[in-house]
There are 2 protein chains.
Amino acid sequence: MATLKDISAELGLSVATVSRALNGFPEVNQKTRDKVQEAADRLGYRPNRVAQRLVTGRSGMVGLIVKIRPDMSADQTFFEVLTGLTAGLAARDTDLVLAVDQGDDPVGPYRRMLEKNILDGFILNEPIVDDPRVAFLQKQKIPFVLHGADRDDPDYPFYTIDNQAVTADAVDMLAHLNHRRIALVNGKLHHHYAHERLEGFLKAMGRHGLASDLVKTETKFDSEGYLAALELLAQADAPSAFICASTPIADGVIRAIRDKGLRVPEDVSVIAHDDAMPLTRAVNFDPALTVTRAPLRDACVPLANMLMDHLNGTPAVDLQVTVKADLIVRGSTGPAPKGGTWT
Amino acid sequence: MATLKDISAELGLSVATVSRALNGFPEVNQKTRDKVQEAADRLGYRPNRVAQRLVTGRSGMVGLIVKIRPDMSADQTFFEVLTGLTAGLAARDTDLVLAVDQGDDPVGPYRRMLEKNILDGFILNEPIVDDPRVAFLQKQKIPFVLHGADRDDPDYPFYTIDNQAVTADAVDMLAHLNHRRIALVNGKLHHHYAHERLEGFLKAMGRHGLASDLVKTETKFDSEGYLAALELLAQADAPSAFICASTPIADGVIRAIRDKGLRVPEDVSVIAHDDAMPLTRAVNFDPALTVTRAPLRDACVPLANMLMDHLNGTPAVDLQVTVKADLIVRGSTGPAPKGGTWT
DNA sequence: ATTCAGATTTAAAACGTTTTGAAATTTTCG
DNA sequence: CGAAAATTTCAAAACGTTTTAAATCTGAAT
């Protein structure tokens, strides 16, 4: 494998000049730069990443720890994130090293990876409220970025969506359609985003002067959404609209609505938040699902770039991104039935 | 972070001695070795892997490319392999870097990873017959190990199970139970192991003087096993025993047997090959499934070690491992019905 | 005391890159 | 033309480790 020295010998230039020529430094003469580039191509030069990393003091590797269930399966989101992150990091000459977390100690895998003394930083995902991993990495002064947030006003780099707006937008839209009994089928409250969604929901309902007694929480799978919706629909003054934490939950909710003999959207409207996972495509619902949409995938490249920038010294406050989800109106929402309810 | 120089300064020793002391070289005095170890612990020394890798000429990273389906899901085997390999490689101070293959060009991802000039070698899995990746890596002279085999008598390092024995053992056992009509529900023939299983089956049937006309191939999922078994059971002189390529296929086959109103094992015996994946546990079948068992997981640490040994110069011929699967007799096999068939 | 062998330690080179500070070259302009 | 300025190149140091070849020390045998 050709090295800088080989090129410098070939051309009678110093190694320093060759290095600068190839790295686009402005002070090298265009003619020598061309010569160097030509020789590099001809000799098939590829920089030795290890040497680069030694001198720059970086390992060029960041860690991602994937939580897997006892049955060795993982969230469907995993490959989505893996694909996006490896691509985003590769563009910054960085590799992703994975470890698997099967245990109950949330920081154990992080500690073990740090002991190997090989990582420049971490990417954290699926945070829980006041995530112990955040505390651990902050104490160890290890750079990281968080996909999501684990608290209000974090002081670390993160990329998240505006989760209050997710539910608030849904409420606003449904209220404009004259819905007055709006239910929220929320995710697990050990996730901070579920708190945000709840808060956004409550505030928005308050603004519209609506009672927000129709809240179910701790749902994750479609079956749980199904059960939650059944219960909500069974009570007096039942909801005419559901806001669902995810498309799988919406799937369960719609099933419950139909099992009750009701129609979507004529009797009951359904809106969900959509991570745009390939398996449960909101557009393939019948009727196509109205959603607040924020593809998980969109987060990957920004996350990769933010971590690299953070490693290069950009302070955390400049690396805090909150994006708004798109509201996409499709067929699963419509005007409230006359009287505001089907009951 | 403390370096060798820090320790050497602390103790008034040379860097060389410190390095040797910590790496267990025999020529260092026990007293100095102890002093060095103490100082290293006290200063919290961790070797800089990047520096080690520069001088040893290794990157300390090997590649694994995971094929994922268009829906972004992957084989259930993936996490099993990922967990085992990362553990096995970690023991040899090596990291696994993943890339995702979503395309149609089988060698593209490998070429792209090589261009980044960062990998010491590859681990290949799920080979197809005459795998183009093998040809590519051999031409590029990139070290790799293969989990499985893609041809007879390979000239590269591999770890596989004796797939002829898998079916041969099953046939032998069933023949001893007086079965004469034995069916094989085999996997896809673009995998070399399916050829081996077929060959083992044919040879063994021949040895027992049995006709081997009951062969289905190209099955992978339980539904395909179900259909294959239905067809086989529909014909005259139907099988009294099934050899299945996997536990999911056995699941489908058993369903078909029962849908035909037959019992396992009284009317029809079923044996499968078992990769010991956590989701489909053979022991949880009803009746518990008789299997040839070779946990996928068992391959991971040997594969990791073989690749590292290969990188260290061990020739390929010394790194070719074929293990035999265990035959585990449980409740799904029994003596052939009187007359050798239930028809 | 001298010599030798063995045990232990050392200085220095090497890995391939980036970067610093200085030197050499070219250009500008009075 | 000559000096100053700007441009371009260079030698050397640095990153942290391993390894080679040489040096030093120890103790025993002469």
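So that the names make sense, note that chain A is the first sequence line, chain B the second, and so on, each numbered from 1.
- From Thr160(B), atom OG1 reaches atom CD of Gln320(B) across 11.0 Å, with rounding to the nearest 0.5 Å.
- For Arg49(A) against dT18(C), a side-chain-to-base donor-acceptor contact under 3.5 Å is absent.
- Between Val50(B) and Phe25(B), it is Val50(B) whose nearest contact on DNA chain D lies nearer the 5' terminus.
- Protein chain A contacts DNA chain D over a range whose 5' and 3' limits, counting nucleotides with an atom under 4.0 angstrom from a non-hydrogen atom, are dT8(D) to dG16(D).
- Note that the CG atom of Leu311(B) and the CZ atom of Phe144(B) stand 12.0 Å from one another [nearest 0.5 Å].
- With salt bridges taken as basic N to acidic carboxylate O contacts below 4.0 Å, one links Arg92(A) and Asp309(A).
- Remark: C1' of dT19(C) and CZ of Arg53(A) are 19 Å apart, rounded to the nearest angstrom.
- Between Pro47(A) and Val28(B), the residue anchored closer to the 5' end of DNA chain C is Val28(B), taking for each the nucleotide with the nearest heavy atom.
- Residue-level contact check: Glu27(B) touches the bases, meaning some heavy atom is under 4.0 Å from a base atom.
- For the residue pair Gln52(A)/Asp93(A), the side-chain donor-acceptor check at 3.5 Å is not satisfied.
- Take the nearest nucleotide of DNA chain C for Ala16(A) and for Ala51(B): the residue whose nucleotide is more 5' is Ala51(B).
- A donor and an acceptor atom, one from each side chain of Asp120(B) and Ser59(B), are located under 3.5 Å apart.
- Residue Thr17(B) is classed as a base contact, given a heavy-atom separation below 4.0 Å to a base.
- Heavy-atom minimum distance, Leu43(A) versus Ile7(A): CD1-CG1, 4.1 Å.
- Atom CG of Leu54(A) is separated from atom P of dT19(C) by 13 Å (rounded to the nearest Å).
- Base engagement by Ser19(B) is indicated by at least one non-hydrogen atom pair under 4.0 Å involving a base atom.
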